[in-house]
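The structure appears right after this line, and notes come after that.
Since the structure is predicted, the reported quantities are computational estimates derived from the model, not experimental observations. Letters go in sequence order (proteins before strands), and every chain restarts at 1.
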2 protein chains.
Amino acid sequence: MSTIADVARLASVAKATASRALSGKGYVSEETRARVVSAARTIGYVVSPNAASLVTGRTKSVGVIIPFINRWFFAEVLEGIEIALLEQGYDMTLYNLPAASPERDRIFEYFLARKRFDAVISVGVALSETEVDQLHRLGRPLVGIGGPIRGVHTIAIDDVEAARLATEHLLSLGHVDIVHVGGVLVDEMDFEVHSNRLRGFTSAMTHAGLSTDGCFYASEFTLPGGYERGMEVLGDPRRRPTGIFAACDEIAVGIIVAARELGISVPADLSVIGIDGHPYADMFRLTTLEQHPREQGRLAVVSLLAELDNPTDHHAAGELTELPPRLVMRASTSGPRART
Amino acid sequence: MSTIADVARLASVAKATASRALSGKGYVSEETRARVVSAARTIGYVVSPNAASLVTGRTKSVGVIIPFINRWFFAEVLEGIEIALLEQGYDMTLYNLPAASPERDRIFEYFLARKRFDAVISVGVALSETEVDQLHRLGRPLVGIGGPIRGVHTIAIDDVEAARLATEHLLSLGHVDIVHVGGVLVDEMDFEVHSNRLRGFTSAMTHAGLSTDGCFYASEFTLPGGYERGMEVLGDPRRRPTGIFAACDEIAVGIIVAARELGISVPADLSVIGIDGHPYADMFRLTTLEQHPREQGRLAVVSLLAELDNPTDHHAAGELTELPPRLVMRASTSGPRART
DNA sequence: GCGATCTCTGGAATCGGTTCCATGAAGTTG
DNA sequence: CAACTTCATGGAACCGATTCCAGAGATCGC
């Protein structure tokens, strides 16, 4: 391994000059710069980020905390973050933090407390105040995705609004027997996301003068979860809703699969709407409210880098950037069949 | 931020002693160790991994190269890797390397060539010889998952065998009109996986005295991909196979969905078998050959750490660890209906 | 024409640890 | 009791960069 001293020697300059020439900061004549660069190339020199960050304090890498990898929303966010970071020469270290666990404390104390990261992104993890403080004390920017954390800039869709729009879509089509299949409320993944979507649903229903008693079913945010719940909700023909608002597209698709198995026609006998914009939505002709997780990941990175470049003003700290969900109509929703 | 010098001062010892006390290497009396540890605790000291790795050469982190995040197999592998690494106090830096691209060269030259990682795991990426050499020159262990790389220890299922077993399962049930829906062969993701599965299929068919002309369809490894291909394969009732071997479960499920839409009964009119052990398999009652991506990720980490502990012998270099796929029978396969 | 500013370069300090080496005390062996 | 070995500790070098500071020419304004 060659060091910058080797480069300096070969180019007959001091280490200081070689460093300036390669980093592009400070005065270096064009001629010596060229000589240093070529010297570096011939011996295949690459900087040691460790040594550099030891003195600069910057590591050019950010830590990402995420509860799942194998879930559409989270994987998309991750890809968005990764692409944006790579573009800026940063790399991404991943901590898969499943839930409250001993692991969790270890990650915070052992990994994040060390100054290995320039910044931290928390995706869909409800951080405790202690944890937020811990990260803030490092003086590193912290941004969240997916739900509000006190005092932390967070990027998310407006969940209440999205749920309200979805429910109102069904209401406007004439449905009155509507069920919401949403996330488990006391889930580790609940980050006000589940409760907010339920709130949007309830608000829209109440506003339309409808009761929501017995209209909520909790499900995992997966296709099999939706399928199971679908079988349960649709199993009894006497008390079957005409419209279902699913908290995510995978649940919605699971419900559609269940409906097909039960011989219930979508949308003639049952309208289904989801939230996400999952690739499956098109295939199952699912009406949905699109959010764009990749874009959310990208925005988090943009916000982070802005704060890194401008450490003085905490411009966006505690602020919530809410992205507007967009209704995409497909063939899974229509007016209810006239009742006998 | 407190340094080890602060700890040393507080405990009235030299930096060297403090370092030994905290790392547990070298002679330190029990009494002073306790004093140092308590001093470290009171001022909330944490080591700077940068400074440490500058002198030790170890970073306690590994780089992972992966072409997709949002695909079941890859996400599972990632979770397996992450859990295993965390357990050992390592962390994981992710490079999402979509395909041959300028990005790819940048990642190799800019990120991996620097000595930031103790080891590298390549998941489902066919590395070129140059790239392998580049990594080997770093003297860092390199292990692959998902397909053989020349001179690199790789962990994978035996794809040829898995495909042969799947095909033979259909053959043994009495099917003769069998189609294989597999991966695109000149895909960036092909890593001999697609071609090996096709080879296993062809081998089993040929062995049974059956032709494979026109029996191969290429699909994306996704549910919508399988659905599209399913519509195509099953669309024409006159030349419809009675059995389909899908190269992965998502394709298989897509085909089942297509079959249901076309009114084709599974398994009465059509048997479908996949490879993976995807969570959807159970819901769609899909017969499949299970592989265990999480376990593959874990094994890669084990192999890596073994080599790190024992740098002298390249025990597993170039070796291929092949995991046995296991047939899980569900209700998507049965004998073909008697032909008229 | 002369001090002030700008450009270029090298020496040395620094970041925060680990580890080699020297020193000395205590314990062991023959 | 002399000669080793083992244990415990401190001083100093070192890992590989960046950056501060000083000094030397060149340029510039007045």
Rounding to a whole Å, what distance do you find between [X]:[atom1] and [N]:[atom2]?
| X | N | atom1 | atom2 | value |
| --- | --- | --- | --- | --- |
| B:Arg116 | D:dA17 | CZ | P | 13 Å |
| B:Lys60 | C:dG17 | NZ | C1' | 16 Å |
| B:Leu54 | C:dC15 | CG | C1' | 9 Å |
| B:Leu22 | C:dT19 | CG | P | 13 Å |
| B:Ile4 | D:dG10 | CD1 | P | 12 Å |

Q. Base, sugar-phosphate alone, or nothing: which one does B:Val7 contact when heavy atoms must sit under 4.0 Å apart?
A. nothing
Q. What does B:Thr3 touch in the nucleic acid at a heavy-atom separation under 4.0 angstrom: a base, only the sugar-phosphate, or nothing?
A.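 Sugar-phosphate contact only.
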Please list, for nucleotides 24-26 of chain D, all pairs of protein and nucleotide N/O atoms separated by less than 3.5 Å.
none

With no hydrogens and no angle check, is any side-chain donor or acceptor of [X] less than 3.5 Å from a backbone partner on [Y]?
| X | Y | answer |
| --- | --- | --- |
| A:Arg140 | A:Phe117 | yes |
| A:Glu82 | B:Asn96 | yes |
| A:Asp309 | A:Ala306 | no |
| A:Arg298 | A:Gly80 | no |
| B:Asp118 | B:Val62 | no |
| A:Thr130 | A:Ser128 | no |
| A:Gln88 | A:Leu305 | no |

Q: Can you check each nucleotide of nucleotides 6-13 of chain C against protein heavy atoms at under 4.0 Å and return B for base, S for sugar-phosphate only, - for none, in 5' to 3' order?
A: -BBBBB--
Quiz: residues 15-22 of chain A side-chain donor-acceptor pairs under 3.5 angstrom, not counting sequence neighbours:
residue, atom, partner, partner atom, Å
A:Thr17, OG1, A:Arg20, NH2, 3.4

Closer than 4.0 Å, any side-chain N/O of [X] to the OP1 or OP2 of [N]?
| X | N | value |
| --- | --- | --- |
| B:Tyr45 | C:dG17 | yes |
| B:Ser19 | C:dT18 | yes |
| B:Thr56 | C:dT18 | no |

Q | Nucleotide of C:dG17, D:dA17, D:dG16 approaching A:Val47 most closely (side-chain heavy atoms) | A | D:dA17
Q.
For B:Asn50 and A:Ser53, which I'm curious about, is there any donor-acceptor pair between the side chains at under 3.5 Å?
A. yes
